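What you are looking at is a predicted structure, and each value in this text was computed from that prediction instead of being measured. A note on names: the letters A, B, ... follow the listed sequences, proteins ahead of strands, and every chain is numbered from 1.
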Amino acid sequence: MIEWYDQYARDLPWRISPVFSKKGIKPDPYRVWISEIMLQQTSVKVATPFFLKFIEKWPNILSLHQTSETEVLALWSGLGYYRRARNLKACAEILLREYEGGFPIEEKKLLKLPGIGKYTSAAILTIAFGIPAIVVDGNVERIIARLFGLDGTISKLKPEIRTYMMNVSPSARPGDFAQAMMDLGATICKPLNPECMICPIRDSCKSYKDGTTNIIPRKTKKPIKTFRKGYIYLAVTKSNEIAMIVRPKSGLLGGMMCLPSSEWTEKKYPKNSPPFPGEWVALDQTIRHSFTHFDLELRMMVSSIFSVPNSYILKPFNFSLTEKVPSVMKKALVLGLKYFHF
DNA sequence: AATCCGGGGGA
DNA sequence: TCCCCAGGATT
């Protein structure tokens with residue numbers, strides 16, 4: 001794996017090239033941390049431009065600490081799982097207060113930090129500090145299951161996979177080994193149609209020998225996606241300002257700035273109940289958006305208004321691209337603002 | 001142990 | 001349309 005990594009490692013902005021890492025040079029822990037958080041349930045392709053923007057804006061922990069959560073959420077807009085961004089900011093606070101702006105290098109302490117779990121603590125320890133740790137992510141689970149021909153769903157195999165991973169992890173260059181596994185999983189040992197013909201560990205692979213790479217790991221049945229509907233309300237003042245709200249910290253799109261909306265109910269539309277009085281008009285077009293657990297259809301209601309209750313935030317009509325607005329709300333704004341000829 | 005939490009690339 | 005992505009926190 002290490003030999004393969006030396007030749008084929010992906011060139012990624014949070015990494016040190018194996019040319020240097022084999023000499024013991026290590027990447028910036030801050031960059032490793034930011035990348036690992038962004039890469040949680042997010043592909044390299046999607047995370048990379050966000051990482052570059054983030055590092056340009058906040059190149060170190062001090063600069064991150066000095067900015068606001070709102071600014072971080074604004075940059076995170078469109079990346080999803082917004083709690084990650086809020087945890088990042090909270091974590092920076094703790095790192096400065098308790099660890100002089102660095103990272104503790106004990107798993108127990110890392111696990112106490114917000115947003116850092118079993119995987120991310122191991123990744124930081126081994127990639128940023130060269131401390132051997134068992135790094136198990138989705139790639140590793142798939143590779144190990146195939147390599148040893150483990151028959152079962154990933155959730156049942158987890159303890160076994162961890163044991164196998166302990167037994168195959170080298171003590172030399174543990175960080176590069178972890179990253180080599182991820183590269184193998186992303187480019188060769190893919191979920192669908194793995195490229196076994198160019199795999200560096202094919203000769204050791206049980207499922208390749210058995211011809212079972214297409215059924216290992218075994219797929220779990222996924223719950224069916226539900227469908228929800230609701231109303232969303234775009235109110236524009238005479239001075240071209242839009243009424244917005246900030247969603248509660250916990251729950252869907254927590255802490256993000258959104259248009260007011262009704263409940264989102266299963267299958268049928270809920271009662272149309274505008275957040276405040278206005279001359280509400282329904283638009284013909286609806287907004288569709290897909291979340292992990294449900295698909296959403298929103299019917300857009302628009303109104304010109306004179307004033308709104310002061311619990312609402314008024315934003316200029318052209319604000320949305322630089323604020324903490326989630327993708328579904330950007331879609332809604334694009335549609336709704338057409339009505340007002342913006 | 002389940003469930004919640006976004007969004008998009010790629011097939 | 002469906003799968004899956006360098007998972008973590010909550011229940």
Worksheet item: Given dG7(C), is OP1 or OP2 found less than 4.0 Å from the side-chain N or O atoms of Gln41(A)?
Response: yes

Practice prompt. Rounded to the nearest angstrom, tell me the gap between atom NZ in Lys221(A) and atom P in dA1(B).
Written response: 19 Å

Worksheet entry | Ionic contact status for Glu323(A) with Lys315(A), cut-off 4.0 Å | yes

Discussion item. Under the rule for side-chain contact (heavy atoms from CB on, under 4.5 Å), what residues qualify as partners of Ser63(A), not counting sequence neighbours?
Written reply: Trp58(A), Pro59(A), Asn60(A)

Worksheet entry | Interatomic distance where CG belongs to Asp137(A) and P belongs to dC4(C) [whole Å] | 15 Å

Practice prompt. Check the distance between dA9(C)'s P and His293(A)'s NE2 and give it to me in whole angstrom.
Written response: 16 Å

Practice prompt. Give none if dA9(C) has no partner; otherwise give the nucleotide forming a Watson-Crick or G-U wobble pair with it, both distances under 3.5 Å.
Written response: dT3(B)

Hey, what are the protein-to-nucleotides 8-10 of chain B N/O distances that come in under 3.5 Å?
from, atom 1, to, atom 2, distance (Å)
dG10(B), OP1, Lys45(A), NZ, 3.4

Worksheet item: In terms of hydrophobic clusters joined by side-chain contacts under 4.5 Å, are Tyr82(A) and Trp33(A) together?
Response: yes

Worksheet entry | Whole-Å gap separating C1' (dG7(C)) and CE (Met182(A)) | 12 Å

Practice prompt. Go through dA9(C), dG7(C), dG6(B) for me and flag the one nearest to the Thr292(A) side chain.
Written response: dG6(B)

Worksheet item: Gln40(A) has a side chain; which of dC4(C), dA6(C), dG8(C) sits nearest to it?
Response: dG8(C)

Worksheet item: What nucleic acid atoms does Trp14(A) come within less than 4.0 Å of, heavy atoms only: base, sugar-phosphate, or nothing?
Response: base

Item to complete: Provide, to the nearest angstrom, the distance between the CG atom belonging to Leu192(A) and the C1' atom belonging to dT1(C).
Response: 14 Å

Practice prompt. May I ask you to say what Thr120(A) touches in the nucleic acid, namely base, sugar-phosphate or nothing, with a heavy-atom cut-off under 4.0 Å?
Written response: sugar-phosphate

Item to complete: Just do the side chain to side chain contact (heavy atoms under 4.5 Å, CB included) check on Met300(A) and Ile287(A) with the steps written out, would you?
Response: CA-CA 7 Å; Met300(A) 170 68 76; Ile287(A) 298 113; 3.8 Å; yes

Worksheet item: Would you say Lys222(A) reaches dC2(C)'s phosphate, i.e. side-chain N/O to OP1/OP2 under 4.0 Å?
Response: no

Worksheet item: Going by heavy atoms in the side chains, are Tyr269(A) and Tyr231(A) under 4.5 Å from each other?
Response: yes

Worksheet item: Contact class for Pro114(A) vs. all strands (heavy atom < 4.0 Å): base, sugar-phosphate, or nothing?
Response: sugar-phosphate

Practice prompt. Find out whether the Lys NZ or Arg CZ of Lys238(A) is both under 6.0 angstrom from the six-membered ring centre of Phe306(A) and within 45° of the ring's axis.
Written response: yes

Response to the item:
DNA chain C nearest-nucleotide lookup for Glu36(A) and Gly115(A): closer to the 5′ end is Glu36(A)

Discussion item. Side chain of Tyr119(A), heavy atoms from C-beta onward: which of dA9(C), dG7(C), dG6(B) has the nearest atom to it?
Written reply: dG7(C)

Practice prompt. Write down the distance separating the P atoms in dA6(C) and dC4(B), rounded off to the nearest Å.
Written response: 24 Å

Item to complete: Mind telling me whether Phe276(A) and Trp280(A) have parallel, tilted or perpendicular rings, with 30° and 60° as the class edges?
Response: tilted

Discussion item. Could you tell me if Arg247(A) sits above the aromatic ring of Trp264(A), with its cationic atom closer than 6.0 Å to the ring centre and no more than 45 degrees from the axis?
Written reply: yes

Worksheet, complete the sentence: Atom CD1 of Ile37(A) and atom C1' of dA9(C) are separated, to the nearest Å, by 13 Å

Worksheet entry | Rounded distance in Å - CG (Leu73(A)) to P (dC5(B)) | 16 Å

Item to complete: Identify whether any heavy atom of Leu79(A) sits under 4.0 Å from a base atom; if not, whether one sits that close to sugar-phosphate; answer base, sugar-phosphate or nothing.
Response: base

Practice prompt. Tell whether Arg10(A) reaches the base of dA6(C) with its side chain through a donor-acceptor pair below 3.5 angstrom.
Written response: yes

Worksheet item: Start at the 5' end of DNA chain C and walk down; is the nucleotide closest to Leu113(A) or to Val44(A) reached first?
Response: Val44(A)

Practice prompt. Apply ring-ring contact (aromatic ring centres under 6.0 Å, His included) to Phe294(A) and Phe227(A), showing your working.
Written response: CA-CA 5 Å; Phe294(A) 63 94; Phe227(A) 197 61; 9.4 Å; no

Practice prompt. Classify the nucleic acid contact of Arg142(A) as base, sugar-phosphate or nothing, counting any heavy atom under 4.0 Å across all strands shown.
Written response: sugar-phosphate

Fill in: Whole-Å C1' distance, dC4(C) and dG6(B)
13 Å

Worksheet item: Distance check: side-chain N/O of Tyr82(A) vs OP1/OP2 of dG7(B), anything under 4.0 Å?
Response: yes

Worksheet item: Rounded to whole angstroms, how far apart are NZ on Lys249(A) and C1' on dT10(C)?
Response: 18 Å

